[in-house]
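Residue indices begin at 1 and follow the sequence shown.
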Amino acid sequence: MTDPQSKYSDIELRHELNAVFRSVYFVDKRAKHKLNDSYFLNFYELINYARTNNIDEMDYIHSIRDVLLSCPQTYLAR
């Protein structure tokens, strides 16, 4: 079984994930760092999930913003 190919490089996707985290203000900085670390540790699992389910990887990463904003004491920074 072959892995689905992406039209984005891993660097582009990581850059966009960083941008998503920068766009969300966390009152609790420790919580932000823990979530940030968790998402980056599971980066390949996230991307593989999107690829195997025919979800555009960039759209999937952008949807993470909504998940982050659902956390207590978070606000849209921009």
Side-chain angles (χ1 to χ4, degrees):
M1 188 160 130
T2 60
D3 290 332
Q5 294 300 315
S6 172
K7 59 184 173 181
Y8 308 106
S9 70
D10 286 350
I11 292 171
E12 289 174 307
L13 295 169
R14 286 180 181 273
H15 177 74
E16 199 59 35
L17 185 55
N18 269 323
V20 165
F21 270 91
R22 281 194 313 271
S23 71
V24 176
Y25 175 78
F26 282 74
V27 172
D28 182 356
K29 300 298 182 201
R30 186 171 185 224
K32 180 175 187 171
H33 289 294
K34 287 172 83 173
L35 281 170
N36 189 21
D37 290 348
S38 177
Y39 273 95
F40 276 96
L41 285 172
N42 293 298
F43 176 78
Y44 290 110
E45 286 80 10
L46 292 168
I47 300 307
N48 285 334
Y49 174 81
R51 289 176 183 165
T52 57
N53 290 290
N54 296 319
I55 302 169
D56 182 81
E57 296 98 332
M58 200 64 77
D59 290 341
Y60 189 60
I61 287 178
H62 289 155
S63 73
I64 292 171
R65 179 180 292 118
D66 295 332
V67 174
L68 295 176
L69 288 170
S70 71
C71 296
Q73 298 185 325
T74 58
Y75 306 96
L76 189 60
R78 317 182 210 177

The reported gap from CG in L13 to CD1 in I61 (rounded to nearest 0.5 angstrom) is 4.5 Å

Value for SG (C71) from CG (D28), rounded to nearest 0.5 Å, stands at 10.5 Å

Less than 4.5 Å apart, side chain to side chain, heavy atoms only: is that true for Y8 and I47? no

*Return yes if some donor-acceptor pair links the side-chain N/O of S38 with the main-chain N/O of L35 below 3.5 Å, else return no.*
no

CG (N53) and CG (N48) are apart, to the nearest 0.5 Å, by 10.5 Å

Value for NE2 (H15) from CG (D10), rounded to nearest 0.5 Å, stands at 14.5 Å

- Could you check L46 against E57 for side chain to side chain contact (heavy atoms under 4.5 Å, CB included), going step by step and ending with a plain yes or no? CA-CA 9 Å; L46 292 168; E57 296 98 332; over 6 Å; no

Taking every heavy atom of R65 against every heavy atom of V24, the minimum-distance pair comes out as CG-CG2, 4.0 Å

Taken to the nearest 0.5 Å, the spacing of I64 CD1 from S23 OG works out to 10.5 Å

Would a single hydrophobic cluster contain both L76 and V67, if residues Ile, Leu, Val, Met, Phe, Trp and Tyr are joined by side-chain heavy-atom contacts under 4.5 Å?
yes

Interatomic distance, NZ@K34 vs CG@D37, rounded to 0.5 Å, equals 10.0 Å

Report task. Kindly work out whether a path of hydrophobic side-chain contacts (I/L/V/M/F/W/Y, heavy atoms less than 4.5 Å apart) joins L17 to I55. Result -> yes

- Query: Is any side-chain heavy atom of T74 less than 4.5 Å from a side-chain heavy atom of L68?
  - Reply: no

Of all heavy-atom pairs linking K7 and E12, the shortest is O-OE1, 4.3 Å

- prompt: Angle class for the Y39/F21 ring planes (parallel below 30°, perpendicular above 60°, tilted otherwise)?
  reply: perpendicular

Heavy-atom nearest pair, K32 first then R22, reads NZ-CA, 4.4 Å

For A77 and Y25, the nearest pair of non-hydrogen atoms, with its separation, is CB-N, 4.0 Å

Checking R14 against Y44: charged group under 6.0 Å from the ring centre and within 45 degrees of the axis? yes

- [ ] Might you confirm whether atom OH of Y49 has over 12 heavy atoms from other residues, nucleotides or ligands at distances under 6.0 Å?
- [x] no

